[in-house]
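Notes to accompany the following structure.
Every chain is numbered from 1 and lettered A, B, ... according to where its sequence line falls, protein lines coming before strand lines.
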Amino acid sequence: MDKFYITTPIYYVNAKPHIGHAYTQVVADSLARYFRLIYRKENVFFLTGTDEHGEKIEEAAAKAGFAKGHEKEFVDSIVDGFKAAWKILGIEHDYFIRTTDPVHKKTVQDYLNKVKEKGDIYLGEYDGYFCKPCETFWTDTQAEGGICPDCKRPVERIKEKNYFFKMSSYAAKLEEYLNDPRNADCVLPGFRKNEVLGYLKDDLRDLCISRPKSRMSWGIELPFDKDYVVYVWFDALINYISALKANNMFDKFWPADVHLLAKDILRHHSVYWPIMLMSMGEKLPKTVFAHGWWKIGGEKISKSKGNSVDPIELSNKYGVDALRYFLVKTVELGMDGVFSEDSLVLTYNTNLANDVGNLLNRTLTMVEKYFEGASPATSDKCADDAQNERSAKLRAEAAMILPYCRKYIVEKNYQICNAVIYAMSVVSSANKYIEASAPWKYSKEGNIEAIKIIMADLLEVLRLVAIALYPVMPATANKMWRQLGLGEDIAKDVKREELLADEQYFSKRTFPAGIKVAKGDPLFPRIQ
RNA sequence: CGCGGGGUGGAGCAGGGGUAGCUCGUGAGGCUCAUAACCUCAAGGUCGGAGGUUCGAUUCCUUCCCCCGCAACCA
């Protein structure tokens, strides 16, 4: 049976979402929507959530006036903000996991016991630099010269007993796994796999997975030592499994098909996580896909530079779908992109307003003008051979829209960007087609058959384009769908077989005759 | 010699041994169905530098220069 399980990272709740978070969400949501169309809704699971433990949160809670022991109330308020943001961006996840959920805690503790029993966890001693005022640990290189890189005050050498996870003993096994041709897609894009293999060449140190409660208590207690809580990754990564367990869906959906994430946390997902899973005795995810970053003015987005962009603000200003379209279409998944409000507006005006919005508008106007707003029934040919040729050419391009969606998204590993670009190229062809065909001339000549063919072709293109754009711009696609007189909701109306069909299927017209179109407001009014 | 990615017309990118391509911008023209939208044509590049392989390299090899990121008990 075909199933699809996609995850985003769980976000640390110490800041509000920026454009990078929004990107991961939008891509994951678009993919989930596409797979729901082809595999049916019940066979797709899209997970997102929040990472809520750790020192930074403990501090932030204290700062916000929450007494020790009341951290949960603090994170609750932040989490609501994340959920609201995703709602505005049209993100339809199947589940929202929080690391403070009881099921998650229990799952983490169960696995800790299992891994401990296996002998992969031991009590050791951490030895390194610590900055007391910042309450932060630093490595030798970070604290070069004995100075805290943050506050520039002197650091001290401290030793602390902690539990460690024996990552080092799995390095060879992981390397073998990564090199196995059967796992060709385990890390994508392909060039990232080399990077991961590179990480393994350095000595893989055992991972410190605990914090003494005396110093930090906001976390999941180690089941085998009350004086410690779990530290970060051994808590966070397990969310991908505990979320399924919370829904009794583990057997159906594990292993994950794609863990989608940004390249900065590639190491955790393609080294730590697979090794944890090996030790835990669970299957490894099929793909860890590391996408790139959005840069602003050539630089990485960072709080310290103050160049962060608020996706919600952009969404309110230009519309969710315009933002979603821009994010998905502008860069190939895996590459870095340059974000600027100007380029967003440019994409909006050119691709959305001038190309697709205008195509719908001008087509529907002509259908109203020439056929009283009803899609014409047509024969395959008219008396003008040149016209027949143009028509055949456009229809051949249109026939590839849905097959290419499948090709790029399923076969070419989630390249939804190329699927969208292809659909838009057919929109552009359709605009040229109107110009070349000049239905207004046929109208003067009285060649009604030719106009019928032209309109039927345009409606066909628009219908297929609406379906192709649906995963990325659900609201807009449905708006197109309604204006075309085809119904209310593409997800409900479109036949699954059609999405799986080949171009042969589309050699016949699939836009029914006699449909009353309902021209509405422009999809995307131009921005001046 | 730490590792990875990249340097292609004004901008952002694609491509890949044999007339260098796309989008935007610029200039000229066309059309009227349309959201001053759409369509056509033109200008604009010795594909980071230097060597080499080849009948021929922007594409392969060597080397150098420059930009970006990673180098984890920060998420």
Short N/O separations, protein against nucleotides 26-29 of chain B, under 3.5 angstrom:
none

Please state the [atom1] separation for the pair [N] and [M] - nearest whole angstrom.
N: B:A14; M: B:U23; atom1: C1'; value: 10 Å
N: B:U8; M: B:C3; atom1: P; value: 24 Å
N: B:U58; M: B:G52; atom1: P; value: 13 Å
N: B:A72; M: B:G6; atom1: C1'; value: 25 Å
N: B:C31; M: B:C39; atom1: C1'; value: 7 Å
N: B:A75; M: B:A37; atom1: P; value: 49 Å
N: B:C22; M: B:U40; atom1: P; value: 11 Å
N: B:G56; M: B:U19; atom1: P; value: 14 Å

Side-chain H-bond candidate by donor/acceptor type, [X] with [Y], under 3.5 Å:
X: A:Asp206; Y: A:Tyr122; result: yes
X: A:Ser391; Y: A:Asp457; result: yes
X: A:Tyr11; Y: A:Asp51; result: no
X: A:Asp120; Y: A:Ser279; result: yes
X: A:Arg98; Y: A:Asn239; result: no
X: A:Glu445; Y: A:Asn447; result: no
X: A:Ser343; Y: A:Ser340; result: yes

For this session: In plain terms, say whether A:Arg211 and A:Glu55 are close enough for a salt bridge, that is, a side-chain N and a carboxylate O under 4.0 Å apart.
Result: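 Here A:Arg211 pairs with A:Glu55 in a salt bridge, since their nearest N and O are under 4.0 Å apart.
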
For this session: Inspect the contact between A:Glu195 and A:Arg192 and indicate whether a charged nitrogen and a carboxylate oxygen are less than 4.0 angstrom apart.
Result: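 The answer is yes: the pair qualifies as a salt bridge.
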
For this session: With the side chain of A:Trp233 defined as its heavy atoms from C-beta on, choose the nearest nucleotide among B:C24, B:C33, B:A75.
Result: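 So the side chain of A:Trp233 is nearest to B:A75.
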
Problem set entry | Closest nucleotide among B:U32, B:G69, B:A72 to the A:Trp440 side chain | B:U32

For this session: Report, as yes or no, whether the 6.0 Å neighbourhood of atom CD on A:Glu125 holds more than 12 heavy atoms from other residues, nucleotides or ligands.
Result: yes

Exercise. When we call it a touch if two heavy atoms are under 4.0 Å apart, what does A:Asp336 touch: a base, just sugar-phosphate, or nothing?
Worked result: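 Result for A:Asp336 = nothing.
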
For this session: Indicate, with a heavy-atom threshold strictly under 4.0 Å, whether A:Phe165 touches base, sugar-phosphate, or nothing.
Result: nothing

Tell me the interatomic distance from [X], atom [atom1], to [N], atom [atom2], rounded to whole angstroms.
X: A:Trp273; N: B:A75; atom1: CH2; atom2: C1'; result: 17 Å
X: A:Ile421; N: B:C24; atom1: CD1; atom2: P; result: 13 Å
X: A:Glu59; N: B:C74; atom1: CD; atom2: P; result: 14 Å
X: A:Tyr442; N: B:U32; atom1: OH; atom2: C1'; result: 17 Å
X: A:Asp51; N: B:C74; atom1: CG; atom2: P; result: 12 Å
X: A:Phe339; N: B:G12; atom1: CZ; atom2: P; result: 17 Å
X: A:Lys193; N: B:C70; atom1: NZ; atom2: C1'; result: 20 Å
X: A:Asn418; N: B:C13; atom1: CG; atom2: P; result: 16 Å

Exercise. Quick one: on RNA chain B, does A:Leu266 or A:Gly337 contact a more 5' nucleotide (nearest heavy atom)?
Worked result: A:Gly337

Exercise. RNA chain B: A:Tyr370 or A:Lys329, which has the more 5' nearest nucleotide?
Worked result: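 Checking each residue's closest nucleotide, the 5'-ward one belongs to A:Lys329.
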
For this session: Kindly indicate whether a cation-pi arrangement holds for A:Arg463 with A:Phe511, taking the cut-offs as under 6.0 Å to the six-membered ring centre and within 45° of the axis.
Result: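 Because its charged atom misses either the 6.0 Å distance or the 45° angle limit, A:Arg463 does not stack over A:Phe511.
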
Problem set entry | NZ or CZ of A:Lys83 within 45° of A:Phe96 ring axis and under 6.0 Å |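 Yes - A:Lys83 lies over the ring of A:Phe96, closer than 6.0 Å to its centre and within 45° of its axis.
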
Exercise. For A:Asn413, which residues count as a side-chain hydrogen bond (donor to acceptor under 3.5 Å, both in side chains) partner, sequence neighbours excluded?
Worked result: none

Looking only at the aromatic ring of each residue, does the gap between the centers of [Y] and [X] stay below 6.0 angstrom?
X: A:Tyr325; Y: A:Tyr348; value: no
X: A:His259; Y: A:Phe289; value: no
X: A:Tyr408; Y: A:Tyr422; value: no

Protein-nucleic acid N or O pairs under 3.5 Å, nucleotides 3-8 of chain B:
unit_1: B:G4; atom_1: O2'; unit_2: A:Glu195; atom_2: OE1; d: 3.3

Exercise. Considering only heavy atoms and no angle criterion, is a donor-acceptor pair shorter than 3.5 Å present between the side chain of A:His268 and the base of B:A72?
Worked result: yes

Exercise. For A:Tyr231 and B:A75, is the shortest distance between a side-chain N/O and OP1 or OP2 below 4.0 Å?
Worked result: yes

Exercise. In a check of ring pair (Phe, Tyr, Trp, His ring centres under 6.0 Å) between A:Phe234 and each of A:Trp273, A:Phe165, A:Tyr272, which one passes?
Worked result: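 When A:Trp273, A:Phe165, A:Tyr272 are each tested with A:Phe234, the ring pair (Phe, Tyr, Trp, His ring centres under 6.0 Å) holds only for A:Phe165.
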
Problem set entry | Positive for ring pair (Phe, Tyr, Trp, His ring centres under 6.0 Å) with A:Phe326, one of A:Trp294, A:Tyr23, A:Tyr318 | A:Trp294

Exercise. In residues 451-458 of chain A, what residues come within less than 4.0 Å of RNA chain B, judged by heavy atoms?
Worked result: none

Seminar exercise, completed: RNA chain B in dot-bracket form (Watson-Crick or G-U pairs under 3.5 Å, [ ] crossing, | inter-strand) is .((((((..((((....[..)))).(((((.......))))).....(((((..]....))))))))))).....

Please list each protein N or O that sits under 3.5 Å from an N or O in nucleotides 34-41 of chain B, with the distance.
unit_1: B:A34; atom_1: O3'; unit_2: A:Asn361; atom_2: ND2; d: 3.3
unit_1: B:A34; atom_1: O2'; unit_2: A:Asn358; atom_2: OD1; d: 2.5
unit_1: B:A34; atom_1: O2'; unit_2: A:Asn361; atom_2: ND2; d: 3.4
unit_1: B:A34; atom_1: N1; unit_2: A:Arg362; atom_2: NH2; d: 3.2
unit_1: B:A34; atom_1: N3; unit_2: A:Asn358; atom_2: ND2; d: 3.1
unit_1: B:A34; atom_1: N3; unit_2: A:Arg362; atom_2: NE; d: 3.3
unit_1: B:U35; atom_1: O2; unit_2: A:Phe524; atom_2: O; d: 3.1
unit_1: B:U35; atom_1: O2; unit_2: A:Arg526; atom_2: N; d: 3.0
unit_1: B:U35; atom_1: N3; unit_2: A:Phe524; atom_2: O; d: 2.8
unit_1: B:U35; atom_1: O4; unit_2: A:Gly357; atom_2: O; d: 3.2
unit_1: B:U35; atom_1: O4; unit_2: A:Asn358; atom_2: N; d: 3.4
unit_1: B:A37; atom_1: OP1; unit_2: A:Arg526; atom_2: NE; d: 3.2
unit_1: B:A37; atom_1: OP1; unit_2: A:Arg526; atom_2: NH2; d: 3.1
unit_1: B:A37; atom_1: O5'; unit_2: A:Arg526; atom_2: NH1; d: 3.4
unit_1: B:A37; atom_1: O3'; unit_2: A:Asn354; atom_2: ND2; d: 3.4
unit_1: B:A37; atom_1: O2'; unit_2: A:Asn358; atom_2: ND2; d: 2.8
unit_1: B:C38; atom_1: OP1; unit_2: A:Asn354; atom_2: ND2; d: 3.2
unit_1: B:C38; atom_1: O2'; unit_2: A:Arg362; atom_2: NH1; d: 3.1

